[in-house]
Protein chains: 2
Amino acid sequence: SSPSPPPALLEKVFQYIDLHQDEFVQTLKEWVAIESDSVQPVPRFRQELFRMMAVAADTLQRLGARVASVDMGPQQLPDGQSLPIPPVILAELGSDPTKGTVCFYGHLDVQPADRGDGWLTDPYVLTEVDGKLYGRGATDNKGPVLAWINAVSAFRALEQDLPVNIKFIIEGMEEAGSVALEELVEKEKDRFFSGVDYIVISDNLWISQRKPAITYGTRGNSYFMVEVKCRDQDFHSGTFGGILHEPMADLVALLGSLVDSSGHILVPGIYDEVVPLTEEEINTYKAIHLDLEEYRNSSRVEKFLFDTKEEILMHLWRYPSLSIHGIEGAFDEPGTKTVIPGRVIGKFSIRLVPHMNVSAVEKQVTRHLEDVFSKRNSSNKMVVSMTLGLHPWIANIDDTQYLAAKRAIRTVFGTEPDMIRDGSTIPIAKMFQEIVHKSVVLIPLGAVDDGEHSQNEKINRWNYIEGTKLFAAFFLEMAQLH
Amino acid sequence: SSPSPPPALLEKVFQYIDLHQDEFVQTLKEWVAIESDSVQPVPRFRQELFRMMAVAADTLQRLGARVASVDMGPQQLPDGQSLPIPPVILAELGSDPTKGTVCFYGHLDVQPADRGDGWLTDPYVLTEVDGKLYGRGATDNKGPVLAWINAVSAFRALEQDLPVNIKFIIEGMEEAGSVALEELVEKEKDRFFSGVDYIVISDNLWISQRKPAITYGTRGNSYFMVEVKCRDQDFHSGTFGGILHEPMADLVALLGSLVDSSGHILVPGIYDEVVPLTEEEINTYKAIHLDLEEYRNSSRVEKFLFDTKEEILMHLWRYPSLSIHGIEGAFDEPGTKTVIPGRVIGKFSIRLVPHMNVSAVEKQVTRHLEDVFSKRNSSNKMVVSMTLGLHPWIANIDDTQYLAAKRAIRTVFGTEPDMIRDGSTIPIAKMFQEIVHKSVVLIPLGAVDDGEHSQNEKINRWNYIEGTKLFAAFFLEMAQLH
């Protein structure tokens with residue numbers, strides 16, 4: 001195999017990173033303190049998002065990068081409101097024609113977080129407990145973005161030549177479906193992306209607490225809202241109870257018709273386009289290190305739907321799933337309000353796998369719900385809308401950067417990585433593959449129990465700092481292999 | 001029939017009321033401005049409740065009443081919190097042994113109200129538009145309580161002898177199930193209630209816009225919470241979608257098993273204790289004036305479950321109904337959060353009719369949900385709890401005060417009243433009948449479209465002022481009949 005990178009330089013970079021780890025944690029604390037929530041369409045959060053992108057642009061400029069903050073125009077919301085979309089950062093560091101060019105994607109917006117939801121610490125104050133850095137966005141995705149920036153800063157600080165040219169594309173709307181990003185990537189494919197050789201994303205998790213992984217595929221996601229309306233106002237359940245087609249009765253029947261108690265999706269035709277399972281594919285799941293007992297405990301779940309590692313991995317990676325997220329417009333607070341909600345919106349989404357197609361799924365779900373609703377002969381109005389449609393993605397694992405990533409992981413962690421796929425959705429991966437036609441690799445840094453999207457999200461200091469070394473080693477491996 | 005009251009006095013009282021109506025509206029505005037929400041267990045609202053009771057006690061004292069504010073101790077909440085219960089007011093005006101003694105019940109707490117829920121005006125600022133007084137509590141129940149007090153104040157201002165002795169029992173927790181009231185009534189039955197001959201409640205609505213009514217029965221209510229828990233934290237639906245027994249899937253199946261699309265309750269045995277229907281009873285519904293078209297329009301409902309007046313009234317009054325109120329703990333805001341809620345609580349309630357029994361219903365519902373849940377063999381934990389249990393109530397309509405109320409309505413409104421029952425729950429009615437053994441009559445003042453418990457609740461100025469005259473005329477009729 002090709003020569004490995006000069007050990008002396010690697011040692012110096014690793015030492016620098018160990019020495020400056022508290023600074024790296026402090027910067028993450030400052031970034032987590034910015035409430036860059038892109039999901040709740042509220043002006044205050046949007047201003048925080050703009051502040052977050054400005055801080056990131058400034059950080060990259062101080063590294064010596066050429067930085068452009070691209071204006072993305074306004075976002076039209078279902079309720080008629082219009083909010084500005086935070087700018088996307090396109091940055092470049094080095095354009096040496098003899099070196100490979102690696103483009104790093106990340107996002108700096110976060111999911112909603114509310115102390116009242118069961119957080120043990122303030123979600124926007126990074127709090128270290130036993131080496132765990134608790135805070136919204138710590139692992140999804142501010143930690144990994146900073147780890148990549150820290151790795152670059154190590155070479156700069158040591159006045160070492162960057163082994164590769166590095167580009168950044170950093171967005172602020174990933175949690176809300178990467179609004180308008182696709183148009184930008186389309187527009188830039190022959191400009192910003194023209195010189196790019198490889199694309200790296202670090203926006204998901206390992207499947208174990210201690211063993212690193214490389215991800216070569218993710219599920220897609222189609223997000224549905226089904227509204228049932230009798231009238232805008234609520235009713236008093238004493239004064240009207242018994243004479244109405246109640247919207248909540250319709251809605252729970254509609255939501256209840258989507259999935260059975262074993263997690264099987266009941267929408268006709270939904271499994272038709274799923275790739276057939278082969279013996280060879282089953283063996284790849286056997287090779288994965290997944291301690292089911294540890295996974296159950298770390299997830300604080302008593303029992304999964306399945307009892308074997310292979311079935312668990314397949315139902316997370318290569319089969320679709322349907323989750324009901326909640327209902328907007330009904331009574332959702334503590335206490336005993338006796339109300340009949342007049343207009344309710346049920347929210348659910350389907351994780352898509354190769355070769356499911358977003359528009360086909362939209363038609364199947366809409367037809368199914370209209371069919372169930374028509375059988376109820378309810379006088380209410382039902383409207384189904386798919387507010388988000390993101391295709392699944394899968395890569396070729398013999399590409400150069402997959403080899404470089406494996407070697408870097410061996411160097412830093414002294415082990416082979418788990419070759420995994422991810423149940424969650426990273427639309428940018430599919431986007432790069434289809435528009436920019438460049439190989440994409442996902443190199444996650446966070447441990448399986450980091451709790452992204454949930455209360456008490458965290459990243460371990462060990463993952464954050466060793467992850468910084470991993471990216472530095474990856475730069476050097478890529479320089480060798482290119 | 002017995003002699004009617006002296007016309008001259010009646011005229012003088014009615015004129016006084018007409019002349020002072022703006023003052024009466026101003027006082028209602030001040031009372032509505034107090035956010036006395038008893039449903040949301042939040043300290044700020046509890047303080048407002050205490051202020052509301054103090055204002056009422058002061059008003060009664062200025063009328064010359066002897067007033068006691070009874071301390072009701074603390075309320076233990078499901079989440080372990082403890083909040084003080086607002087005092088109950090017991091007041092007395094006159095104790096002339098030659099006169100009948102009428103006790104008026106009212107409540108000054110209100111349902112939650114949030115401008116963001118679709119109110120066109122600030123719910124806590126009484127706003128008059130085309131003779132409609134919009135505000136939370138305007139009709140449920142601050143308007144009617146003030147109408148009774150205004151009627152008494154008319155006699156006082158005109159230095160007229162009160163035709164009857166009047167007692168008041170005013171609580172601050174009706175919307176939260178009249179917490180601890182039953183114990184108080186029990187304790188006072190041989191003291192405060194000993195001299196009482198008749199009990200009047202005005203806490204529901206007419207069934208038409210313009211025609212007054214007298215109510216002789218109400219449904220009961222049993223409020224259920226069904227919790228399904230996998231773990232306290234939420235999950236990311238990408239990272240965990242497909243391998244969990246998802247609590248929301250369990251919950252919508254449980255809620256969906258309770259009632260079918262025609263409003264029929266599917267809990268086994270639930271209809272067993274419902275009183276059989278007789279020809280005679282059906283005829284009482286035929287006599288009611290209910291303009292179905294007007295009722296549909298005023299309710300802004302396209303189509304009811306039933307098309308005849310008789311079926312509508314029966315399903316509101318003499319049959320049980322089941323309404324699903326909402327879900328606590330799931331994603332309930334605008335936007336597209338991709339979460340699997342870890343712990344969710346579904347809320348529904350069943351309106352009870354004679355001779356359904358609260359504890360029997362509790363057993364039937366619990367057994368049914370446990371049965372449905374066991375068939376799902378889900379590894380989640382399910383807990384069913386009945387947080388509120390109120391029996392239905394029905395009176396004898398030949399009692400003295402029913403005759404007095406009919407005559408007073410003829411005098412003020414020039415029409416026979418609709419003899420109606422109410423689908424909503426007024427636990428105090430049942431309580432008085434069973435504990436104090438005194439005849440109870442419900443004399444509502446509000447029109448059918450007042451929207452109690454809903455956004456844009458209101459009482460018409462006409463109902464509020466003519467209602468004040470109605471109570472004054474009722475005092476005089478009671479003096480004659482007693």
Side-chain angles (χ1 to χ4, degrees), chain A residues 39-41 112 118 223 231-239 241-243 245-246 248-249 252-253 255-256 259 261 263 300 302-305 312 315-316 319 321 323-328 330-340 349 351 376 378-379 387-388 423-425 452-455, chain B residues 39-41 112 118 223 231-239 241-243 245-246 248-249 252-253 255-256 259 261 263 300 302-305 312 315-316 319 321 323-328 330-340 349 351 376 378-379 387-388 423-425 452-455:
Chain A
V39 171
Q40 293 186 84
Y223 201 98
R231 67 175 192 185
D232 283 322
Q233 291 79 13
D234 296 342
F235 299 87
H236 180 234
S237 74
T239 319
I243 62 170
H245 295 279
E246 298 192 8
M248 276 296 281
V252 292
L255 295 176
V259 60
S261 59
R300 283 183 300 284
E302 237 180 71
K303 195 170 166 308
F304 287 127
L305 278 173
I312 290 280
H315 283 86
L316 279 179
Y319 287 121
S321 64
S323 295
I324 301 169
H325 304 300
I327 295 175
E328 185 186 338
F331 176 55
D332 50 55
E333 277 135 22
T336 58
K337 195 175 170 188
T338 55
V339 63
I340 297 172
S349 66
R351 295 286 166 180
R376 292 183 62 82
S378 161
S379 59
T387 58
L388 214 62
S424 64
T425 303
E452 57 180 9
H453 285 228
S454 308
Q455 300 89 326
Chain B
V39 171
Q40 293 187 84
Y223 202 98
R231 67 175 193 185
D232 282 322
Q233 292 81 11
D234 297 340
F235 300 87
H236 179 233
S237 73
T239 319
I243 61 170
H245 296 277
E246 299 193 7
M248 276 296 281
V252 293
L255 295 177
V259 61
S261 59
R300 284 183 299 284
E302 237 179 71
K303 196 173 168 304
F304 287 126
L305 278 174
I312 290 280
H315 282 87
L316 279 179
Y319 287 120
S321 64
S323 296
I324 300 169
H325 304 300
I327 294 175
E328 185 186 339
F331 177 55
D332 50 57
E333 278 135 20
T336 57
K337 194 175 170 186
T338 55
V339 63
I340 298 173
S349 66
R351 295 286 165 179
R376 292 183 62 83
S378 161
S379 60
T387 59
L388 213 61
S424 63
T425 303
E452 54 179 11
H453 284 229
S454 307
Q455 300 88 326

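Convention: sequence-line order gives letters A, B, ...; per-chain numbering from 1.
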Contact origin within Phe235(B) toward chain A - heavy atom pairs under 4.5 Å: both

- request: Evaluate side-chain hydrogen bond (donor to acceptor under 3.5 Å, both in side chains) for His236(B) paired with Ser454(A), printing each intermediate quantity in order.
  value: CA-CA 6 Å; His236(B) 179 233; Ser454(A) 308; over 6 Å; no

query: Does any non-hydrogen side-chain atom of His325(A) lie less than 4.5 Å from one of Lys337(B)?
result: no

field: Top of Gly118(B), Gly241(B), Gly423(B) for chain A proximity - count of heavy-atom pairs under 4.5 angstrom
entry: Gly241(B)

- request: Ignoring hydrogens and angles, tell me if any N or O in the side chain of Ser424(B) forms a donor-acceptor pair with the backbone of Thr239(A) under 3.5 Å.
  value: no

statement: If one checks every heavy atom of Ser378(B) against chain A at 4.5 Å, the contacting part turns out to be neither

- prompt: Can you check whether Ser237(A) reaches Arg351(B) side chain to side chain, under 4.5 Å on heavy atoms?
  reply: yes

task: State the CG-CG distance between Leu255(B) and Leu255(A), to the nearest 0.5 angstrom.
output: 10.0 Å

task: State whether the side chain of Gln455(A) and the backbone N or O of Asp234(B) hold a donor-acceptor pair below 3.5 Å, judged by distance alone.
output: yes

task: Would you please test Ile243(A) and His315(B) for side chain to side chain contact (heavy atoms under 4.5 Å, CB included) and show each step?
output: CA-CA 6 Å; Ile243(A) 62 170; His315(B) 282 87; 4.2 Å; yes

message: Is it true that Ser323(A) and Glu246(B) share a donor-acceptor pair across their side chains at a distance under 3.5 Å?
response: yes

- request: Applying side chain to side chain contact (heavy atoms under 4.5 Å, CB included), run through Ile324(B) and Val252(A) and close with a yes or a no.
  value: CA-CA 9 Å; Ile324(B) 300 169; Val252(A) 292; 3.8 Å; yes

message: So for Glu302(A), is it side chain, backbone, both, or neither that comes closer than 4.5 Å to the heavy atoms of chain B?
response: side chain

- request: Determine, stepwise, if the pair Glu333(B) / Gln40(A) fulfils side chain to side chain contact (heavy atoms under 4.5 Å, CB included).
  value: CA-CA 8 Å; Glu333(B) 278 135 20; Gln40(A) 293 186 84; 3.3 Å; yes

query: Who wins among Thr425(B), Thr387(B), Asp232(B), Leu305(B) for the most heavy-atom pairs under 4.5 Å with chain A?
result: Leu305(B)

statement: Ranked by heavy-atom pairs below 4.5 Å to chain A, first place among Pro334(B), Pro112(B), Ala253(B) goes to Pro334(B)

message: What part of Pro41(B) gets within 4.5 angstrom of chain A, counting heavy atoms only: side chain, backbone, both, or neither?
response: side chain

field: Partner chain A: residue of Ile312(B), Ile340(B), Leu316(B) with the largest heavy-atom pair count (under 4.5 Å)
entry: Leu316(B)

- line: Rounded to the nearest 0.5 angstrom, the OG-CZ distance for Ser261(A) and Arg376(B) is 5.0 Å

statement: Heavy atoms of Gly326(B) and Ala330(A) approach each other most closely as CA-CB, 3.7 Å

message: Looking at chain B, which one of Thr338(A), Val259(A), Ile327(A), Leu388(A) has the largest number of heavy-atom pairs inside 4.5 Å, strictly under?
response: Thr338(A)

- request: Could you look at Tyr223(A) and say if it's the side chain, the backbone, both or neither that has a heavy atom under 4.5 Å from chain B?
  value: side chain

query: Checking heavy atoms, do the side chain of Ser349(A), its backbone, both or neither come under 4.5 Å from chain B?
result: side chain

Region of Val39(B) in contact with chain A, defined by heavy-atom distances below 4.5 Å: both

task: Counting only heavy atoms closer than 4.5 Å, note whether Ala249(B) contacts chain A via side chain, backbone, both or neither.
output: both

